[in-house]
Amino acid sequence: MTTQHTMRAYIGAWLAGDWDRATAFWSEDVVHHVPGRGPLSGDFQGKRAFLAAYDQIFERLGGTIQVVSVHDVLASNEHAVMLVTERAVRGRRHLDFNRVVVYHVRNGKIVETWSYDYDPTALDEFWS
């Protein structure tokens, strides 16, 4: 499966809200890099560790992040860049934000990601 095919299938699952199918595209030892100073920031090693950490964080914060739209995906043999708008939801409040996510893909699996937010300060303040 090419990187472009992997990303199309991943995005389809993500936009459909099928989190189990979407995360099936992550390798078991995937590394997620999330910059910032807020509670969602850090480097997360491994699929299970990331999912457990985010479940605990979202439960504690009483919120979620939803995909609003995928603007474009640029892909080469081993990397993809996705331009997205996401929505942070916490109680009755929400914050729409633009994000760029860089993916390293190997053998049809996402092995590493780097997230870059347009306004990381607004996102950190939202979750504080």
Side-chain angles (χ1 to χ4, degrees):
M1 181 179 283
T2 67
T3 297
Q4 190 170 10
H5 287 107
T6 297
M7 294 309 296
R8 281 186 186 157
Y10 176 67
I11 291 166
W14 201 19
L15 289 174
D18 190 342
W19 194 236
D20 289 336
R21 190 167 53 112
T23 58
F25 287 97
W26 298 354
S27 69
E28 289 300 320
D29 59 349
V30 66
V31 179
H32 294 285
H33 305 283
V34 184
R37 296 185 178 151
L40 302 175
S41 303
D43 293 322
F44 301 89
Q45 175 76 43
K47 182 193 303 193
R48 294 179 207 277
F50 175 84
L51 293 173
Y54 264 52
D55 282 347
Q56 290 174 356
I57 292 166
F58 283 138
E59 185 176 322
R60 187 180 81 230
L61 296 174
T64 62
I65 292 181
Q66 306 163 346
V67 179
V68 175
S69 64
V70 175
H71 300 284
D72 206 350
V73 177
L74 312 159
S76 67
N77 290 337
E78 292 187 5
H79 293 92
V81 176
M82 188 178 343
L83 310 174
V84 298
T85 298
E86 296 184 31
R87 177 174 294 135
V89 178
R90 191 173 186 193
R92 294 178 183 233
R93 297 180 358 189
H94 73 274
L95 174 70
D96 287 1
F97 60 96
N98 292 317
R99 174 175 280 171
V100 174
V101 185
V102 179
Y103 297 87
H104 184 180
V105 178
R106 186 180 309 126
N107 299 322
K109 293 287 187 176
I110 297 168
V111 297
E112 195 162 11
T113 70
W114 297 263
S115 296
Y116 301 98
D117 300 313
Y118 173 74
D119 189 353
T121 302
L123 206 51
D124 286 348
E125 288 174 1
F126 181 85
W127 293 113
S128 297

I'd like a table of donor-acceptor pairs (distance under 3.5 Å, sequence neighbours excluded) in which one partner is a side-chain atom from residues 37-44, with atom names and distances.
{"residue": "Ser41", "atom": "OG", "partner": "Pro35", "partner atom": "O", "Å": "3.1"}
{"residue": "Ser41", "atom": "OG", "partner": "Gly36", "partner atom": "O", "Å": "3.3"}
{"residue": "Ser41", "atom": "OG", "partner": "Arg37", "partner atom": "N", "Å": "3.4"}
{"residue": "Ser41", "atom": "OG", "partner": "Gly38", "partner atom": "N", "Å": "3.3"}
{"residue": "Ser41", "atom": "OG", "partner": "Gly38", "partner atom": "O", "Å": "3.3"}
{"residue": "Asp43", "atom": "OD1", "partner": "His33", "partner atom": "ND1", "Å": "2.7"}

- Query: Minimum heavy-atom separation for Gly108 to Phe25, with atom names?
  - Reply: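 Reported closest heavy-atom pair: O-CD2, 4.1 Å.
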Check your understanding: Which heavy-atom pair separates Val73 from Ala80 by the least distance, and what is that distance?
Key ->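 Heavy-atom minimum between the residues: CG1-CB, 4.4 Å.
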Are [Y] and [X] co-members of a hydrophobic cluster defined by side-chain heavy atoms under 4.5 Å apart?
{"X": "Leu15", "Y": "Val84", "value": "yes"}
{"X": "Val101", "Y": "Leu123", "value": "yes"}
{"X": "Met82", "Y": "Phe50", "value": "yes"}
{"X": "Ile11", "Y": "Val67", "value": "yes"}

Ser115 meets the side chain to side chain donor-acceptor pair (under 3.5 Å) criterion, sequence neighbours left out, with none
My understanding is that only residues two or more places apart in sequence, or in another chain, count here; which of them pass side chain to side chain donor-acceptor pair (under 3.5 Å) with Ser27?
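Only Asp29 meet the side chain to side chain donor-acceptor pair (under 3.5 Å) criterion with Ser27.
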Quiz item: Which other residues belong to the hydrophobic cluster containing Val89, where Ile, Leu, Val, Met, Phe, Trp and Tyr are joined when side-chain heavy atoms lie under 4.5 Å apart, directly or via other members?
Solution: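 Besides Val89, the cluster holds no residue at all.
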*What residues join Trp114 in its hydrophobic cluster, counting side-chain heavy atom gaps under 4.5 Å, either direct or through other members?*
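Grouped by the 4.5 Å side-chain rule, Leu74, Val81, Leu83, Val100, Val102, Tyr116 form the rest of the cluster around Trp114.
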Taken to the nearest 0.5 Å, the spacing of Glu59 CD from Thr64 OG1 works out to 13.5 Å
d(Tyr103 OH, Glu112 CD) to nearest 0.5 Å is 13.0 Å
Quick note, side chain to side chain donor-acceptor pair (under 3.5 Å) partners involving residues 1-20, not counting sequence neighbours, are Thr2-His5, Tyr10-Trp26, Asp18-Arg21
Here the side chain to side chain donor-acceptor pair (under 3.5 Å) pairs for residues 117-128, sequence neighbours left out, are Arg99-Asp117
Can you tell if the side chain of Phe97 reaches within under 4.5 Å of the side chain of Ile65, non-hydrogen atoms only?
->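 Sidechains of Ile65 and Phe97: in contact.
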Note to self: Could you work out, with side-chain contact (heavy atoms from CB on, under 4.5 Å) as the rule, every residue matching Glu28, not counting sequence neighbours?
What the structure shows: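 Listed in chain order: Lys47, Arg48.
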Only counting residues at least two apart or in another chain, list the ones meeting side-chain contact (heavy atoms from CB on, under 4.5 Å) with Ser69.
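Result, side-chain contact (heavy atoms from CB on, under 4.5 Å) vs Ser69: His71, Thr85.
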Partner set under salt bridge (charged side-chain N to carboxylate O under 4.0 Å, His left out) for Arg106, not counting sequence neighbours
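Partners of Arg106 by the salt bridge (charged side-chain N to carboxylate O under 4.0 Å, His left out) criterion come out as none, since no residue qualifies.
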For Arg90, the salt bridge (charged side-chain N to carboxylate O under 4.0 Å, His left out) test, sequence neighbours excluded, returns none
| task | Using the side chain to side chain contact (heavy atoms under 4.5 Å, CB included) rule, take Ile110 and Val105 through it: C-alpha gap first, then chi angles, then the decisive distance, then the call. | result | CA-CA 4 Å; Ile110 297 168; Val105 178; 4.2 Å; yes
